[in-house]
Amino acid sequence: MIRYVTPALTAICLMCATATQTHAQIALRAGGGLYVEEKEPGWHASIILPFGSKPAGVMLAGEYYEKSGAITVPVSIRGLYKFSLGGNLRIYGGAGSGFIYTKEESDAELIDGSASRVLLTAVAGMNLKMLGPIRFFMEATLDRGVAEGTENKYAAKAGISLTFKD
């Protein structure tokens, strides 16, 4: 059941995000990250689409982590709520869903396979305004594939955000 509900909810959120007039700032973000337990390095790219002038929005994110032949690629959509702490600092949090692809390889061929699973994800982070449209972001995420035997994956990320007004 969840295998069919999650893609449907993702598609509905994407349609709502594109149909909404955005009078706030759209943000394009890129940076590096690390799955903490496995010390698996990777990169992060996302776009944040605001809901009008409200402090809410949608984050569409794609990531890629690789270490010793193991590849993890989470792709997600998260609902966000943002608020300002004054000055140039904003914090945000949210949750959502998506898909996570994993692939493991071994020279001994004992482990050789890939899997795609539905993903549940949560995010908390901060944006610090630097110069003009450039911001610095740091965030922590929790990813969990919806399948028996999957584990929580905690990631820490940092990078640069470029904001545009509609």
Side-chain angles (χ1 to χ4, degrees), residues 1-18 26-50 57-82 90-128 130 134-164:
M1 170 85 174
I2 197 160
R3 185 172 18 174
Y4 301 108
V5 172
T6 301
L9 286 175
T10 302
I12 290 168
C13 288
L14 284 171
M15 286 187 291
C16 290
T18 57
I26 296 170
L28 297 175
R29 306 176 342 144
L34 182 73
Y35 267 143
V36 179
E37 291 87 13
E38 299 89 6
K39 295 182 178 48
E40 193 174 352
W43 57 266
H44 166 91
S46 62
I47 182 169
I48 296 178
L49 304 169
V58 172
M59 175 193 293
L60 307 170
E63 300 165 28
Y64 180 90
Y65 298 94
E66 182 176 6
K67 181 179 179 186
S68 303
I71 298 171
T72 306
V73 182
V75 177
S76 61
I77 180 169
R78 300 175 182 116
L80 291 180
Y81 186 78
K82 305 175 276 185
R90 291 192 181 126
I91 61 173
Y92 57 90
S97 187
F99 296 95
I100 187 166
Y101 170 80
T102 56
K103 182 176 182 180
E104 295 185 41
E105 296 177 348
S106 172
D107 292 336
E109 295 185 23
L110 295 174
I111 301 173
D112 189 16
S114 65
S116 295
R117 296 185 178 96
V118 173
L119 171 72
L120 297 177
T121 182
V123 64
M126 60 159 256
N127 275 318
L128 180 62
M130 305 300 274
I134 299 173
R135 297 174 189 254
F136 172 74
F137 76 90
M138 289 181 12
E139 69 182 30
T141 57
L142 165 65
D143 295 336
R144 179 165 180 98
V146 181
E148 199 171 314
T150 59
E151 298 177 358
N152 293 338
K153 290 187 170 270
Y154 299 95
K157 298 171 239 174
I160 300 295
S161 176
L162 185 60
T163 56
F164 302 95

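Only heavy atoms go into these numbers, but all of them, side chains included; no hydrogens, no water, no symmetry mates.
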K.L.:
Please list, chain by chain and in numerical order, all residues satisfying salt bridge (charged side-chain N to carboxylate O under 4.0 Å, His left out) with E38, sequence neighbours excluded.
P.N.:
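Listed in chain order: K153.
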K.L.:
Carefully, step by step, assess E139 and H44 under the rule side-chain contact (heavy atoms from CB on, under 4.5 Å).
P.N.:
CA-CA 11 Å; E139 69 182 30; H44 166 91; 3.7 Å; yes
K.L.:
So, applying side-chain hydrogen bond (donor to acceptor under 3.5 Å, both in side chains) with Y35, which one of T72, D143, T141 is it?
P.N.:
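In the set T72, D143, T141, the residue that makes a side-chain hydrogen bond (donor to acceptor under 3.5 Å, both in side chains) with Y35 is D143.
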K.L.:
Are side-chain heavy atoms of E37 and E151 found at a separation under 4.5 Å?
P.N.:
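When only atoms from C-beta onward are counted, E151 and E37 do not touch, as no gap falls below 4.5 Å.
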K.L.:
Just verifying a value: how many Å separate L119 CG and R78 CZ, rounded to the nearest 0.5 Å?
P.N.:
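It comes to 7.5 Å.
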K.L.:
Tell me whether T121 contacts the main-chain N or O of L142 through its side chain, where contact means a donor paired with an acceptor under 3.5 Å.
P.N.:
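Yes: the side chain of T121 pairs with the backbone of L142.
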K.L.:
Between atom OG of S46 and atom CD1 of I77, what is the distance when rounded to the nearest 0.5 Å?
P.N.:
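It comes to 12.0 Å.
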K.L.:
Using a 6.0 Å cut-off, check whether atom CZ of R144 has over 12 heavy atoms from anything other than its own residue.
P.N.:
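Buried by this count: over 12 neighbours within 6.0 Å.
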K.L.:
Rounded to the nearest 0.5 Å, how far does CG of N127 lie from CD1 of I160?
P.N.:
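Answer for the CD1-CG pair, I160 versus N127, is 10.5 Å.
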K.L.:
Check step by step if side-chain contact (heavy atoms from CB on, under 4.5 Å) holds for R117 and T102.
P.N.:
CA-CA 9 Å; R117 296 185 178 96; T102 56; 3.9 Å; yes
K.L.:
I'd like to know if the side chain of T163 and the backbone of I26 have a donor-acceptor N/O pair within less than 3.5 Å.
P.N.:
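Not a single qualifying donor-acceptor pair exists.
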K.L.:
State, to 0.1 Å, how close S97 and V118 come at their nearest heavy-atom pair, and which atoms those are.
P.N.:
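Scanning both residues, the minimum pair turns out to be OG-CG1, 4.0 Å.
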K.L.:
Determine, step by step, whether I71 and Y65 satisfy the side-chain contact (heavy atoms from CB on, under 4.5 Å) criterion, reporting the C-alpha distance in whole Å, the side-chain angles of both residues, the deciding distance to 0.1 Å, and the verdict.
P.N.:
CA-CA 6 Å; I71 298 171; Y65 298 94; over 6 Å; no
K.L.:
Please report the shortest heavy-atom distance between A30 and F137, naming the atom on each side.
P.N.:
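Minimum heavy-atom separation between A30 and F137: O-CE2, 3.7 Å.
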K.L.:
Show the nearest heavy-atom pair for residues A27 and S161, with the distance to one decimal.
P.N.:
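Smallest heavy-atom distance, with atoms named: CB-OG, 3.6 Å.
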K.L.:
How many angstroms lie between NZ in K157 and CG in L34, if you round to the nearest 0.5 Å?
P.N.:
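Between atom NZ of K157 and atom CG of L34 there are 11.0 Å.
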K.L.:
Sequence neighbours left out, what passes ring-ring contact (aromatic ring centres under 6.0 Å, His included) with Y92? Give chain and number order.
P.N.:
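Expected list: none.
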K.L.:
Quick one: pull up CD in E40 and CD in E66 and give me the separation to the nearest 0.5 Å.
P.N.:
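Here the interatomic distance stands at 8.5 Å.
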K.L.:
Looking at K39 and P41, what are the two nearest heavy atoms and their distance?
P.N.:
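For K39 versus P41, the nearest heavy atoms are O-CD, 3.3 Å.
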K.L.:
Rounded at 0.5 Å granularity, tell me how far CZ in R29 sits from CG in L162.
P.N.:
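Rounded to the nearest 0.5 Å, the CZ-CG separation comes to 12.0 Å.
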